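Note sheet for the following structure.
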Number of protein chains: 2
Amino acid sequence: MAKGKIQKKSGYHHGNLRGQLVNAAGRLIEQNGPDGFSMSDACRLAGVSTAAPYRHFSSKQDLLTEVAMDGLRRLGEDMERQASGHPRGTVQSIAAIGRAYVGFAIREPHTFRLMFSTKEHAGRIDELKAVGRGSYGVLLREVAGYLGEPEINETVLRWSFPLWTQVHGLSFLSIDGKLEVTDFPVDINESIYIATERLLPAME
Amino acid sequence: MAKGKIQKKSGYHHGNLRGQLVNAAGRLIEQNGPDGFSMSDACRLAGVSTAAPYRHFSSKQDLLTEVAMDGLRRLGEDMERQASGHPRGTVQSIAAIGRAYVGFAIREPHTFRLMFSTKEHAGRIDELKAVGRGSYGVLLREVAGYLGEPEINETVLRWSFPLWTQVHGLSFLSIDGKLEVTDFPVDINESIYIATERLLPAME
DNA sequence: TTAACTATGTTATCGTTGTTAACATATGTT
DNA sequence: AACATATGTTAACAACGATAACATAGTTAA
């Protein structure tokens with residue numbers, strides 16, 4: 001994202017095919033969804049033959065996994081950034097993390113779905129899990145602060161999990177267009193704040 | 001599901017191809033996921049040519065939509081059944097609905113995903129939404145009972161929505177294997193009960 | 001009974017896709 | 001300059017979704 005400059009291939013060789021394929025894949029996935037995405041499309045977009053990607057990725061899934069991991073990292077950054085705009089360890093900062101989470105899902109629904117789908121990433125689940133754990137840490141630290149816990153212990157884990165569950169569910173319901181099923185206008189930010197409050201212990 | 005008897009084609013014509021295709025599709029999807037599912041596989045399983053399904057379904061997506069709607073209906077039935085095992089309008093009955101929801105997701109993860117994916121069902125979203133609304137009603141009625149509301153009004157809707165969000169998130173995290181990211185053993189039923197309690201107003 | 005109609009199959013074929021093998025050309029190292 | 005390695009290409013494959021042209025079964029009306 002935010003690449004802009006499309007690098008032209010200067011002849012037989014390309015220069016930065018790997019990066020540009022991830023880039024193209026990201027854009028195409030956001031347009032057509034992970035299923036609608038085809039390796040051939042990405043090749044056309046990058047101006048190379050359909051066999052070229054296999055010098056950089058062992059399969060289509062492999063490329064998708066790359067896109068997913070990139071997304072997970074960016075999600076973590078978003079959460080960190082949003083949280084830092086509020087006093088640490090408060091309902092506000094924790095709700096801000098939730099807003100970042102759902103916001104990402106709404107902004108890049110297909111990538112978000114890809115990030116949390118198992119089947120596409122067979123064989124590299126551990127890698128993916130590690131990146132995910134990193135991003136989850138942002139929430140854990142904030143909750144630890146709220147609870148006044150000096151480190152990330154089981155208490156922190158127990159209070160954090162329902163918060164994750166909540167925003168995760170809200171994300172999916174949003175991007176799958178299920179909010180209309182509820183028959184009343186859901187204000188996402190309000191939803192997040194209310195649930196965050198209810199799912200945390202009152203602290204003084 | 002629970003079909004068992006595989007109907008043999010008695011010659012040129014088949015007898016119940018439509019039903020058997022939905023059936024086969026359901027089974028195959030649960031094995032390989034909606035993406036791994038191929039029309040051809042379903043045909044092989046039903047013992048017909050690859051062109052035959054198009055007498056009954058306009059496209060592969062159309063068949064998948066059928067499977068999804070069937071799933072939504074069965075989910076509603078599950079919830080109803082589980083709720084009815086408890087005193088109406090209690091935390092217990094509401095938590096039971098949640099357990100039915102997550103239970104379905106875990107039992108038929110691929111079908112569950114299919115039920116809540118938008119892209120596969122382009123053009124028939126309204127149909128799907130109607131079926132979904134029906135199943136959601138089970139929760140709404142139970143919450144109305146808990147709140148002592150005589151009908152499903154906005155108050156009921158407002159208290160119900162976070163409950164849905166919660167179990168929906170828990171479902172997806174479960175079937176996507178993300179529970180391990182939390183680093184402590186999540187007891188799903190306990191999770192549901194705790195969150196249900198916290199997300200409902202204390203009623204006396 | 002038979003003729004016509006409709007529903008539901010088949011075979012043959014198309015374009016697209018993911019992937020691999022065999023080959024070609026750059027780039028970097030000795 | 002010679003070679004090794006990285007990175008492209010072209011050609012081919014099987015599998016898939018879908019359509020068209022054709023065949024047969026079941027149903028209805030004369």
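Just so it is clear, the values below take in all heavy atoms, side chains as well, and ignore hydrogens, waters and symmetry mates. Protein chains get the first letters and strands the later ones, always in sequence-line order, with residue 1 at the start of each. Everything numeric in this text was worked out from a predicted model, so none of it was measured.
When rounded to the nearest whole Å, the span between CG of A/D35 and P of C/dG18 equals 11 Å. One interatomic measurement links the two molecules: OH of B/Y54 to C1' of C/dT11, which rounds to 15 Å at whole-angstrom precision. Taking atom CG of B/L28 as the reference point, atom C1' of D/dG17 lies 16 Å away to the nearest angstrom. In this structure, B/D41 atom CG and D/dG17 atom P are separated by 8 Å, rounded to whole Å. Between B/L17 atom CG and C/dT8 atom C1' there is a gap of 9 Å when expressed in whole angstrom units. One interatomic measurement links the two molecules: NE2 of B/H56 to C1' of C/dT10, which rounds to 13 Å at whole-angstrom precision. Atom pair A/N32:CG and C/dT17:P shows a separation of 11 Å (rounding to whole Å applied). Note: CZ (B/F37) to C1' (D/dC16) measures 12 Å, nearest angstrom.
Salt-bridge annotation for A/E77 and A/R81: absent, with no side-chain N of the basic residue lying under 4.0 Å from a carboxylate O of the acidic one. Between A/E66 and A/R124 a salt bridge is recorded (basic side-chain N to carboxylate O distance below 4.0 Å).
The residue A/S49 sits close to a base: some heavy atom pair falls under 4.0 Å. Heavy atoms of A/T50 sit under 4.0 angstrom from at least one base atom. B/R18 comes within 4.0 angstrom of nothing in the nucleic acid, heavy atoms only.
Looking only at distances, no side-chain donor or acceptor of B/H110 sits under 3.5 Å from a matching main-chain atom of B/P34.
Comparing C/dG18, C/dT10, D/dC16 by their nearest atom to the side chain of B/S40 picks out D/dC16. Of all nucleotides listed (D/dT9, D/dT19, D/dA18), D/dT19 comes nearest to the side chain of B/A51.
Ring geometry for A/Y101 against A/F112 counts as perpendicular: the plane angle is over 60°, on a 0 to 90° scale with 30° as the lower cut.
For the pair A/R44 and C/dT17, the criterion of a side-chain N or O lying under 4.0 Å from OP1 or OP2 is met.
Checked against a 6.0 Å centroid threshold, the rings of B/F116 and B/H168 count as neighbours.
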